[in-house]
Amino acid sequence: MSQLPIESIRSLSDTHPKPPHIRFQYGTAGFRTLGSTLDSVLFRVGVIAGLRSKKFDGQTIGVMVTASHNPEQDNGVKIVDPRGEMLEAAWEAHATTLSNAPTTNDFLEALDALVRTTKIDLSKPARVVYARDTRPSGVALVSALEDGLSAIGAEGRNAGVTTTPVLHYLVKAINTKDTPESYGEDSEDGYFQKLGSAFQSLVSGRQPLEPLLVDCANGVGALAALSLSGCLGGSLPLILENTAIQSPGALNNACGADYVKTMQRLPPSLADRLKPGQRACSLDGDADRLIYYYLDERGIFRLLDGDKIAALVAAFIVDLVKSAGLENEVKVGVVQTAYANGASTKYLSGRLPVKCVATGVKHLHHAAEHFNVGVYFEANGHGTVLFSPATQAKLAAHQPSTPAQSTALNHLMNLTRLINQTVGDALSDMLLVEAVLAHRSYTGVEWDSLYVDLPNRLVKVVVQDRNAFRTENAERRLVSPPALQAKIDELVRRYDGGRSFVRPSGTEDVVRVYAEAVVRSQADELAFRVAGLVYDVAGGDPSKRPKEFL
Ligand code: G16
């Protein structure tokens, strides 16, 4: 039985000491905090990813260095499992434990325990593919990661600067290469070619699409969107905005999907660029979230968020399934979180099964796997569509009995190629939306009118300890701090159509408060009053209480 390469790990680990007094946590989207504190975490993640690969008999594991929607000074890292999916929950806990071992000796002991408890055969090979976004701190962090890979003797493949979804795709493409399940060529270009050809087939014969304005959040999406546009054969003209990846501090700053969704307004940089009626969308810092919007004829901003994308896409797939003659065999379902606008849940649940789960792509992804076709979107623009393996086999075997059935079946097959089924991808989702709009002959206005959003507000509250906040019922209710939920309930009752919930963020050191109500001013007031309750209960300094928290 092989042993851990103790000496190699020891000498390299000593050059990446854990900073004292910081507790790391593998959260909603991996480790995420100030980039300058993450050196030891990246080294250790390199070692862990190597062990994870050995556990899977040498299949390739992915590592993405990104902090996505967070500000530029933050960074983070997440591990991707062999099928291109998020790391298994049990290993999130192992990663947390290992990242917090105070010394090299403690780290070695924890590694040894992990190898024994999870029965890893150390004689197996280890392969890891990794990439980073455009954050300046990413360069040094990748180098720490490479030290970790070298310490455990893993073979590393550097995928360079790319998006999170491309990295997920690469993992699956590498692990299925030359097998009957081959997911495509294992390169970024291979991925974009695949998307481009599926998109062109889907929109062929339709009215040419008007140019789409894309806010790239001054992040890696700018590079990816440029490459993708070269694979679209002119079928969708893209106008790329906020592409300043070299400008310090520009990433996600007053632009990007999180800004647009949270502020419910246009990025100021687009104010003179967007014409009334023109479609626009925003990506986030690692291009896995997508938010659409337009200005109506009076120049008023209209948001088309993840909920609106889910409604558009789910209805389209249901219609195609029906037209293909498969309605009795293929059932479509939708997965949302508590952030889903109440109006969207009402609209969708009148038509399809809808499930609500906790925030975090992995929760939605797992729930969506229970449907034949699972459409999942968080309101913040993260999402994709999963076609179960049995459904894909059914589509491949189905014999259409009319030309109309054959066309619909073809469209469905192209959708399975267009949609990234490992994780949500803003660019793949963007093509999906554009394909549906082309088929429906919808502008933003018709899409928007599927249902009318309830006014809503999202507020962040800085508290002493966000871990004091614990939830139940898919994060819709608080169980701790005690008595806070009863106070929230009491407040909510006073607002027409009121709904509000409180949960700790898994990616930022804050507690989030969501509220909606029938009238805009009431939604705002409810959100700020609940935020005030949170602030007081969580021991905020009364002299620093934000004035809007009534
Ligand atoms: C990550 C997760 C998402 C989640 C978001 C916000 O997104 O992947 O599933 O919705 O964080 O999570 P929280 O409210 O817990 O901070 P991203 O785009 O930042 O990677």
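The chain is numbered in sequence order, starting from 1. Just follow the structure's listing: the first ligand is 1, and inside any ligand the first atom is 1.
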Practice problem: Report the part of Thr507 (side chain from C-beta onward, or backbone N, CA, C, O) that has a heavy atom under 4.0 Å from ligand 1; answer both or neither where that applies. | Solution: both
Quiz item: Which of the atoms in ligand 1, numbered in the order shown and given with their element, are less than 4.0 Å from a heavy-atom of Thr28?
Solution: 2 (C), 15 (O)
Quiz item: Could Arg52 and Phe56 be counted as a cation-pi pair, given that NZ or CZ must be under 6.0 Å from the ring centre and within 45° of the axis?
Solution: no
Quiz item: Using a heavy-atom cut-off of under 4.0 Å, does the side chain or the backbone of Asn380 touch ligand 1, or both, or neither?
Solution: side chain
Quiz item: Arg32 to ligand 1: N or O pair under 3.5 Å?
Solution: yes
Quiz prompt | Interfacing atoms of ligand 1 (cut-off 4.0 Å, heavy-atom, Ser505) | solution = 13 (P), 15 (O), 16 (O)
Exercise. Could you say whether the N/O atoms of Ala67 and ligand 1 ever approach to under 3.5 Å?
Key: no
Quiz item: Considering only heavy atoms, does Ser68 approach ligand 1 within less than 4.0 Å through its side chain, its backbone, both, or neither?
Solution: side chain
Quiz item: Thinking salt bridges, do Asp509 and Arg466 make one under a 4.0 Å N-O criterion?
Solution: yes
Practice problem: Output yes when Arg279 and Glu434 qualify as a salt bridge under the 4.0 Å nitrogen-oxygen rule, no when they do not. | Solution: yes
Quiz prompt | Atoms in ligand 1 flagged as close to Asp284, the criterion being non-hydrogen separation under 4.0 Å | solution = 18 (O)
Exercise. May I ask you to check if ligand 1 and Pro504 share an N or O to N or O distance below 3.5 Å?
Key: no
Practice problem: Run the ring-centre check on His365 versus Tyr376 and record whether the distance is less than 6.0 Å. | Solution: yes
Quiz item: Please state which protein non-hydrogen atom is closest to atom 19 (O) of ligand 1 and give its distance, to 0.1 Å?
Solution: His69 ND1, 2.4 Å
Self-check item: Ionic contact status for Arg135 with Glu72, cut-off 4.0 Å
Solution: no
Self-check item: Numbered atoms and elements of ligand 1 in range of Gly360, under 4.0 angstrom, heavy atoms
Solution: 9 (O)
Self-check item: Ring centers of Phe301, Tyr294 separated by less than 6.0 Å
Solution: no
Quiz item: Which of these passes side-chain contact (heavy atoms from CB on, under 4.5 Å) with Phe24: Leu98, Thr37, Thr96?
Solution: Thr37
Exercise. Run the numbers for me: atoms of ligand 1, each under 4.0 Å from some heavy atom of Arg512, listed by number.
Key: 13 (P), 14 (O), 16 (O)
Quiz item: Using a heavy-atom cut-off of under 4.0 Å, does the side chain or the backbone of Asp288 touch ligand 1, or both, or neither?
Solution: side chain
Self-check item: Numbering as shown, the atoms of ligand 1 that approach Arg503 to under 4.0 Å (heavy-atom distance)
Solution: 13 (P), 14 (O), 15 (O)
Self-check item: Nearest protein heavy atom with distance in Å, relative to atom 7 (O) of ligand 1
Solution: His382 NE2, 2.9 Å
Quiz item: What protein heavy atom sits nearest atom 5 (C) of ligand 1, and how far away is it?
Solution: Arg289 NH2, 3.6 Å
Exercise. Please state which part of Thr359 comes within less than 4.0 Å of ligand 1, counting heavy atoms only: side chain, backbone, both or neither.
Key: side chain
Self-check item: salt bridge (Lys or Arg N to Asp or Glu O under 4.0 Å) involving Lys308 - partner list, sequence neighbours excluded
Solution: Asp448, Asp453
Self-check item: Pairing residues for Gln25 by the side-chain hydrogen bond (donor to acceptor under 3.5 Å, both in side chains) criterion, not counting sequence neighbours
Solution: none
Quiz item: Is the Lys NZ or Arg CZ of Lys194 less than 6.0 Å from the centre of Phe199's six-membered ring, within 45° of the axis?
Solution: no
Exercise. Flag the pair Arg512 and Glu508 as a salt bridge only when some basic side-chain nitrogen lies within less than 4.0 angstrom of an acidic carboxylate oxygen.
Key: yes
Exercise. Take Ile48 and Ile79, measure what side-chain contact (heavy atoms from CB on, under 4.5 Å) needs, and give me the verdict at the end.
Key: CA-CA 9 Å; Ile48 296 164; Ile79 301 175; 4.1 Å; yes
Practice problem: Measure the distance from atom 4 (C) of ligand 1 to every protein heavy atom, then report the residue, atom name and distance (to 0.1 Å) of the closest one. | Solution: Glu378 OE1, 3.6 Å
Self-check item: Under-4.0 Å heavy-atom contact with ligand 1, by part of Thr164 that carries it
Solution: neither
Quiz item: If you count the atoms of ligand 1 from 1 in the order shown, which ones are under 4.0 Å from a heavy atom of Gly506?
Solution: 13 (P), 15 (O), 16 (O)
